[in-house]
A.B. asks: 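What follows is a single structure, and I will ask about it in a moment.
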Amino acid sequence: QVQLVESGGGLVQAGDSLRLSCVVSGGVFRYGAMGWFRQAPGKEREFVAGVTWSGRITDYADSVKGRFIISRDNSKSTVYLQMNSLKPEDTALYYCASTPGGNSRRHYSYDHWGQGTQVTVSS
C-alpha cells in the first residue's frame with residue numbers, strides 16, 4: 001500500500017524556520033501533484049501549499065505566501081515544506097497528501113494522506 005510519512009515538526013519560537021519532509025513509499029510511482037494541509041485544534045483543515053509533479057508550478061494559501069516554500073525531489077520520492085518566519089498561528093498538525101491530478105486546494109482531490117507532523121510555534 002502507498003504510504004506518506006511526514007517528519008521535521010517540532011517546537012520552535014516565533015520567527016524561527018523549520019523544514020518538513022514527506023516521503024512517499026509502498027506503491028507504484030504516479031504522476032501527480034503533492035500538497036500540504038494543516039489543522040489546528042478547533043479549526044477546519046486548511047490548504048497550505050501545493051506543487052505539481054514537475055515541481056515547476058506551486059500554489060500557496062495567502063496566509064503563508066512569501067514565508068513558506070514547497071518543493072519536491074522525485075528521485076527521493078520526497079516533498080518538502082520550508083517554513084520561514086513562523087508565527088504562533090502556524091501551530092497545527094501538518095499533513096502531506098498526494099493527488100493523481102494537478103494542484104488543488106480541495107482536500108477531496110487527494111487520495112493518500114500521511115499521519116501528520118506537529119508544528120508548535122511559541123511567542
Side-chain angles (χ1 to χ4, degrees):
Q1 64 174 5
V2 175
Q3 65 175 2
L4 283 64
V5 181
E6 304 96 333
S7 63
L11 174 62
V12 298
Q13 290 186 250
D16 284 351
S17 295
L18 209 56
R19 189 178 77 159
L20 306 183
S21 297
C22 173
V23 179
V24 181
S25 64
V28 177
F29 176 83
R30 67 177 183 178
Y31 296 95
M34 298 289 293
W36 286 95
F37 289 77
R38 67 187 182 187
Q39 186 166 26
K43 292 188 175 182
E44 294 292 317
R45 177 170 48 184
E46 65 174 339
F47 170 80
V48 176
V51 61
T52 57
W53 178 84
S54 69
R56 183 169 139 269
I57 305 173
T58 58
D59 185 30
Y60 299 93
D62 289 341
S63 60
V64 307
K65 197 171 299 180
R67 297 190 297 121
F68 291 9
I69 302 172
I70 187 171
S71 62
R72 66 190 297 170
D73 184 343
N74 291 334
S75 69
K76 296 180 179 179
S77 297
T78 302
V79 61
Y80 306 94
L81 184 66
Q82 178 64 46
M83 310 164 72
N84 301 313
S85 301
L86 284 162
K87 305 174 180 180
E89 49 262 48
D90 292 319
T91 295
L93 186 63
Y94 283 71
Y95 296 94
C96 176
S98 67
T99 172
N103 284 335
S104 175
R105 296 185 177 186
R106 298 170 178 258
H107 67 88
Y108 59 75
S109 295
Y110 299 82
D111 52 6
H112 291 96
W113 295 79
Q115 294 289 104
T117 184
Q118 180 67 39
V119 172
T120 302
V121 185
S122 63
S123 59

A.B. asks: So, do Arg38 and Val64 sit near enough that their side-chain heavy atoms are less than 4.5 Å apart?
C.D. replies: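 Yes. Closest side-chain heavy atoms under 4.5 Å.
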
A.B. asks: I'd like to know if Ile70 and Trp53 are part of one continuous hydrophobic network [Ile/Leu/Val/Met/Phe/Trp/Tyr, side-chain heavy atoms within less than 4.5 Å].
C.D. replies: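 Cluster IDs for Trp53 and Ile70 differ.
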
A.B. asks: Closer than 3.5 angstrom, by distance alone: can the side chain of Arg72 be matched with the main-chain N or O of Thr52 as a donor-acceptor pair?
C.D. replies: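 Side chain of Arg72 to backbone of Thr52, a donor-acceptor pair under 3.5 Å: yes, one is there.
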
A.B. asks: With distance as the sole criterion, is a donor-acceptor pair present between the side chains of Ser17 and Asn84 under 3.5 Å?
C.D. replies: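 There is such a pair (donor and acceptor under 3.5 Å, judged by atom type) between the side chains of Ser17 and Asn84.
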
A.B. asks: If every non-hydrogen atom of Gln39 is compared with every non-hydrogen atom of Lys43, which pair is closest and at what distance?
C.D. replies: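 Result for this residue pair: NE2-O, 3.2 Å.
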
A.B. asks: As an exercise, state the distance from CH2 of Trp113 to SG of Cys22, rounded to the nearest 0.5 Å.
C.D. replies: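 Rounded to the nearest 0.5 Å, the CH2-SG separation comes to 11.0 Å.
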
A.B. asks: Closest heavy-atom contact between Ala14 and Pro88?
C.D. replies: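 Shortest heavy-atom separation between Ala14 and Pro88 comes out as CB-CD, 4.1 Å.
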
A.B. asks: Tell me if a side-chain donor or acceptor on Thr91 pairs with a main-chain N or O of Val121 at a distance below 3.5 Å.
C.D. replies: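 Checked: pair present.
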
A.B. asks: Where do Gly9 and Val119 come nearest, in terms of heavy atoms and distance?
C.D. replies: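 Taking every non-hydrogen atom into account, CA-CG2, 4.1 Å.
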
A.B. asks: Just wondering, more than 12 heavy atoms not from Gln118 lying within 6.0 Å of its CD?
C.D. replies: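 Counting neighbours around CD of Gln118, more than 12 heavy atoms of other residues, nucleotides or ligands fall under 6.0 Å, so yes.
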
A.B. asks: Evaluate the side-chain proximity of Cys96 to Val79: yes if any heavy-atom separation is below 4.5 Å, no if none is.
C.D. replies: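 Yes, their side chains come closer than 4.5 Å.
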
A.B. asks: Does Arg67 reach the side chain of Tyr60, with side-chain heavy atoms less than 4.5 Å apart?
C.D. replies: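 Answer no - side chains too far apart.
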
A.B. asks: Could you measure the distance from the NZ atom of Lys87 to the OG atom of Ser123? Nearest 0.5 Å is fine.
C.D. replies: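 Reported to 0.5 Å precision, the distance equals 13.5 Å.
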
A.B. asks: When rounded to the nearest 0.5 angstrom, what is the spacing between NE2 in His107 and CD in Glu44?
C.D. replies: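 One finds 8.5 Å between NE2 of His107 and CD of Glu44.
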
A.B. asks: Is Ser104 close to Thr99 at the side-chain level, that is, under 4.5 Å between some pair of heavy atoms?
C.D. replies: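 Not touching, per the 4.5 Å side-chain cut-off.
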
A.B. asks: Could you see if Val51 belongs to whatever hydrophobic cluster contains Val2? Use Ile, Leu, Val, Met, Phe, Trp, Tyr and a side-chain cutoff under 4.5 Å.
C.D. replies: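 Same cluster.
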
A.B. asks: Say you draw a straight line from OG1 of Thr120 to CG of Asp90; how long is it, rounded to the nearest 0.5 Å?
C.D. replies: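 Rounded to the nearest 0.5 Å, the OG1-CG separation comes to 11.0 Å.
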
A.B. asks: Of all heavy-atom pairs between Ser109 and Pro100, which one has the smallest distance, and what is that distance?
C.D. replies: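 Taking every non-hydrogen atom into account, O-CD, 4.1 Å.
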
A.B. asks: State yes or no: do Leu93 and Phe47 share one hydrophobic cluster built from I, L, V, M, F, W and Y residues joined by side-chain heavy-atom distances below 4.5 Å, directly or via other members?
C.D. replies: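 Yes, Leu93 and Phe47 fall within the same hydrophobic cluster.
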
A.B. asks: Does some side-chain heavy atom of Val24 sit less than 4.5 Å from a side-chain heavy atom of Met34?
C.D. replies: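 Yes - at least one pair of side-chain heavy atoms lies under 4.5 Å apart.
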
A.B. asks: Determine whether Ile69 and Leu86 fall in the same hydrophobic cluster, where Ile, Leu, Val, Met, Phe, Trp and Tyr are linked whenever their side-chain heavy atoms lie under 4.5 Å apart.
C.D. replies: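 Same cluster: Ile69 reaches Leu86 through Ile, Leu, Val, Met, Phe, Trp or Tyr contacts under 4.5 Å.
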
A.B. asks: Could you pull out all residues at least two apart from Lys65 that satisfy salt bridge (Lys or Arg N to Asp or Glu O under 4.0 Å)?
C.D. replies: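 Salt bridge (Lys or Arg N to Asp or Glu O under 4.0 Å) list for Lys65, sorted by chain: Asp62.
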
A.B. asks: Per the side-chain hydrogen bond (donor to acceptor under 3.5 Å, both in side chains) rule, what does the pair list look like for residues 2-15, sequence neighbours excluded?
C.D. replies: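 Matches after skipping sequence neighbours: Gln3-Ser25.
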
A.B. asks: Hydrophobic clusters here meaning ILVMFWY residues chained together by side-chain heavy-atom distances under 4.5 Å, can you tell me if Val48 and Tyr95 are in one?
C.D. replies: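 No, no single cluster joins them.
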
A.B. asks: Would you call the rings of Phe37 and Tyr110 parallel, tilted or perpendicular, taking 30° and 60° as the class edges?
C.D. replies: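 Phe37 and Tyr110: perpendicular rings.
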
A.B. asks: When rounded to the nearest 0.5 angstrom, what is the spacing between CD in Gln82 and CG in Leu20?
C.D. replies: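 Taking CD in Gln82 and CG in Leu20, the distance rounds to 9.0 Å.
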
A.B. asks: Can you tell me how far CG of Leu18 sits from OG1 of Thr117, rounded to the nearest 0.5 angstrom?
C.D. replies: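 Rounded to the nearest 0.5 Å, the OG1-CG separation comes out at 8.0 Å.
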
A.B. asks: Can a donor-acceptor pair be found, under 3.5 Å and without considering hydrogens, that links the side chain of Asn103 to the backbone of Ile57?
C.D. replies: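 At least one qualifying donor-acceptor pair exists.
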
